[in-house]
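In what follows, a single structure is set out as structure tokens and then discussed.
First the proteins, then the strands, lettered A, B, ... as listed; each starts at 1.
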Amino acid sequence: MTNQELAEIFNLLADALEFKAENPFKIQAYRKASRIIKDFSFDLKEFCKEKPLTAIPGIGEGIAKKIKEYIETGKISKFDEETKDIPKGIFEMMKIPYLGPKTLKRAYEKLGVDSLDQLKKVMDDGSLALLQGMGAKKIERMKETIQLFETSEIGKKRFVIGDVYPVIEEIISRLNEVTRNVTPCGSYRRMKETVGDIDLLAISDKGEEVTGFFIKLPFVRNVISVGSTKATVILKTHGIQVDLRVVKADSFGACLQYFTGSKAHNIKLRTIAKVKGLKISEYGVFRGKKKVAGSTEKEVYKSIGLDYIPPEMREDNGEIKLAMEHRLPRIVEYKDFLGDLHIHSKYSDGAESIVELAKTAKAMGFKYIAICDHSKSVTYAGGLTEDMLLKKNEEIDTINEEIKGISVLKGAEVDILSNGELDYKDSILETLDIVIAAIHQGFRKNVTERFLQAMENPFVNILAHPTGRLISKRKGYDVNLEKVFEKAKDEGIILEINSYFDRLDLDDTNVRRAKSFNLLFSIGTDAHNVGMLKYWRLGVGIARRAWLTKENVINCYPLPKLKKLLRGEK
DNA sequence: GCCGTTTTCGGCCCGACTGTTTTCAGTCG
């Protein structure tokens, strides 16, 4: 938890310094450190016992010292000092788009505005308009943004990627009717767990037609702006903002690269380019006035001496150095994914029959699927009795004979009971191709010990959703992951990357941690209906963000190799 | 505050848009 607290502190510290108009590079350094700490795979408290904090790129002497101070004393004196004379309301207002430090500072110093209510008041009574630089249009725009902020989710929070995934894919497919190469950029393309807004990019010579079509789509609630190269709308679903940019083909790669980010990644690229006498913008890579790259991303990277870096790696976590040395790991590709290893059928709480699931999966190009329904004690989700499970096994045998081109694996998501025992006896587990052990009850009761005990069972292959969090409503188990990872290593247990939209468990950060234990991973959608099978991409996205190779992900193994692994053979 | 295939000091990405301006400031991505 320390990491998140520290990340928040450094971010607020950056806000405070920004408000005070201090050195922008110092502010940038704090923001960068905040982001690095937020995404850091190891607890800093533990990490700093082993290695110096300055070993982390982006953390220097100054910030390392402050982290140490926080770990030792629970506070950072620099933070207290810098924030003590800034009213809390200022920090709140800084979260609202368009209310920047300069604007707020002027209102605060001249009119004593220290809260949103105060700000509204001085906008309405005309006193704000008397200040320098506060014209009517500016104030009108401020009012609009504040209203938008208050009535929608804009700027308030980030959205879980699984929530926005379906509607975005639909918008993309609609746009492809009138133009080509519609591609999402930004954190969505980098497959970040949460996205702030959605950036789409399209190639067209007739920008106005495309943006005009875009703003009339039925998903749109408000149109913020529309021009010949760019349009911004707010969607009905979630009130999320979508920006569409339309470019010509010869700038597409540069633009895609630019809008995919991350910001830190791009800044580093541009610095490298500068040293080589080049300039990167969203229109291309330039030497003087001459354009040397721009139509593809690969070209952009190549022009500054780098190998192509997959979007999910672009977080400035060392990928640029590796690309420069031509030593990037070959991370798992979406096309490497051969099948979903965690699906529920009608037998327990899923919506479809196994036949329907198999047919859909086959149509999606999967080579195999594992049907893993709940075990008997999960009564609220229709857990299967032993008899039912055996009957299901028989049905799967029949299906495998009847449907060619896809294999269905007999599986179960077997519960780990509160005493640490499994919900089925070994004689039942033995009949299955794949056994996923999971905790669905007793989240606070000795979870670590129960996991460890379950992993000792020779028939258990995979540990399901190891942290147990539900993004929208539950923090997760009280579990010591280090111990779990160690045991998994000893027992040859595979860890699940559960790509159910509300779970994403393990997440990218934890996968990176687990990866350092040399573990294998299994991607499962935990789908309860065929529509949810599409979320397999989120699982691969997590794997890619954690730099897993296809050797690390068992869903990429051809069936014979997978079966061998599941049987515990080498 | 961070960082080094020109540097331990002196840089630190780049452009668009908007509005308030008469050459620029602020914000955003």
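Partners of Y535(A) by ring-ring contact (aromatic ring centres under 6.0 Å, His included), not counting sequence neighbours, listed by chain and number: Y165(A), F501(A).
Heavy atoms of K66(A) sit under 4.0 angstrom from primed sugar atoms or phosphate atoms, though from no base atom. Residue-level contact check: K32(A) touches neither bases nor backbone, having no heavy atom under 4.0 Å from any strand. Within the nucleic acid shown, A254(A) has no heavy atom closer than 4.0 Å to any nucleic acid atom. Looking at heavy-atom distances under 4.0 Å, G186(A) makes no contact with the nucleic acid at all. Using a 4.0 Å heavy-atom distance criterion, I27(A) is classed as making no nucleic acid contact. P57(A) comes within 4.0 angstrom of the backbone, heavy atoms only, and of no base. Within the 4.0 angstrom heavy-atom criterion, only backbone atoms of the sugar-phosphate kind lie near I59(A); the bases stay farther away. Using a 4.0 Å heavy-atom distance criterion, K268(A) is classed as making no nucleic acid contact. Within 4.0 Å of D243(A), counting heavy atoms only, lies no atom of the nucleic acid at all.
The phosphate of dG1(B) (OP1 or OP2) has no side-chain N or O of K65(A) nearer than 4.0 angstrom. Between Y283(A) and dA16(B), a side-chain N or O to OP1/OP2 separation shorter than 4.0 Å is present. For the OP1/OP2 pair of dC12(B) and a distance below 4.0 Å, the side-chain nitrogens and oxygens of K274(A) include at least one atom meeting the criterion. Look at Y30(A) and you'll find a side-chain N or O under 4.0 angstrom from OP1 or OP2 of dG1(B). At the phosphate of dG26(B), OP1 or OP2 sits under 4.0 Å from a side-chain N or O atom of R106(A). Taking side-chain N and O atoms only, T103(A) has a distance below 4.0 Å to OP1 or OP2 of dT27(B).
Regarding K95(A), its NZ atom lies at a distance of 17 Å from the P atom of dT27(B), rounded to whole Å. Between the CD1 atom of I56(A) and the P atom of dC3(B) there is a distance of 11 Å, rounded to whole Å. Atom pair Y98(A):OH and dA25(B):P shows a separation of 16 Å (rounding to whole Å applied). Taking atom CG of L269(A) as the reference point, atom P of dC14(B) lies 12 Å away to the nearest angstrom. One can place CZ of R31(A) at 11 Å from P of dC28(B), the figure rounded to the nearest angstrom. Separating the CZ atom of F25(A) from the P atom of dG1(B) is a distance of 15 Å, rounded to the nearest angstrom. Between I272(A) atom CD1 and dC13(B) atom P the separation is 12 Å, expressed in whole Å. In this structure, L99(A) places its CG atom 18 Å from P of dT18(B), rounding to the nearest Å.
In the set dA16(B), dT27(B), dC13(B), the nucleotide with an atom closest to the side chain of I267(A) is dC13(B). Of the candidates dC28(B), dG1(B), dT20(B), dG1(B) carries the atom nearest the K26(A) side chain, counting heavy atoms from C-beta on. Here the side chain of R270(A) is nearest to one of dT27(B), dC14(B), dG1(B), namely dC14(B). Side-chain proximity of S281(A) to the nucleotides dG1(B), dG15(B), dG29(B) is greatest for dG15(B). Proximity note for D199(A) (side chain, C-beta onward) versus dG19(B), dC2(B), dG29(B): the nearest is dG29(B). Comparing dG29(B), dG26(B), dC12(B) against the side chain of K102(A) picks out dG26(B) as the nearest. Picking from dC28(B), dT20(B), dG15(B) the nucleotide with the shortest atom distance to the side chain of P97(A) gives dC28(B). Checking dC2(B), dT21(B), dG15(B) against the side-chain heavy atoms of Q132(A) singles out dT21(B) as nearest.
When each of I309(A), V285(A), V300(A), T296(A) is checked for a side chain to side chain contact (heavy atoms under 4.5 Å, CB included) with Q257(A), only V300(A) meets the rule. Here the rule is side chain to side chain contact (heavy atoms under 4.5 Å, CB included) with R513(A), and of L519(A), D507(A), L481(A) only L481(A) fits it.
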Check against side chain to side chain contact (heavy atoms under 4.5 Å, CB included), I331(A) and L548(A): CA-CA 5 Å; I331(A) 61 170; L548(A) 296 188; over 6 Å; no

Show your working on ring pair (Phe, Tyr, Trp, His ring centres under 6.0 Å) between F47(A) and F40(A) and close with a plain yes or no. CA-CA 10 Å; F47(A) 183 87; F40(A) 197 60; 5.0 Å; yes

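For the P atoms, the distance from dG10(B) to dA16(B) is 32 Å, rounded to whole Å. For the C1' atoms, the distance from dT18(B) to dT6(B) is 40 Å, rounded to whole Å. Taking atom P in both dC14(B) and dC9(B), one finds a spacing of 25 Å when rounded to whole Å. Nucleotides dG26(B) and dT21(B) place their P atoms 11 Å apart, quoted to the nearest Å. dG19(B) and dC12(B) have their P atoms separated by 30 Å, given to the nearest Å. Atom P of dT23(B) sits at a distance of 26 Å from the matching atom of dC28(B), rounded to the whole Å. If you take atom P in dC3(B) and the same atom in dC13(B), they sit 14 Å apart, rounded to whole Å. Nucleotides dT22(B) and dG15(B) have their P atoms positioned 26 Å apart, rounded to a whole Å.
DNA chain B is contacted by both T229(A) and K263(A); K263(A) maps to the nucleotide lying nearer its 5′ end (nearest heavy atom per residue). With DNA chain B read from its 5' end, the first of the two nearest nucleotides for L104(A) and E325(A) is the one closest to E325(A).
The base of dG29(B) sits with one of its N or O atoms less than 3.5 Å from a complementary donor or acceptor on the side chain of Y258(A). Judged by distance alone with a 3.5 Å cut-off, no donor-acceptor contact links the side chain of D197(A) to the base of dG29(B).
Cation-pi check for K138(A) over Y98(A) is met; the charged atom lies under 6.0 angstrom from the ring centroid and within 45 degrees of its normal. Both tests hold for R537(A) against Y334(A): distance to the six-membered ring centre under 6.0 Å, angle to the ring axis within 45°.
Between Y108(A) and F19(A), the ring-plane angle classifies as tilted under the 30° and 60° cut-offs.
For K143(A), the NZ atom is densely surrounded, since the number of other residues' heavy atoms within 6.0 Å is greater than 12.
With both pairing distances under 3.5 Å, dT8(B) is matched to nothing as a Watson-Crick or G-U wobble pair.
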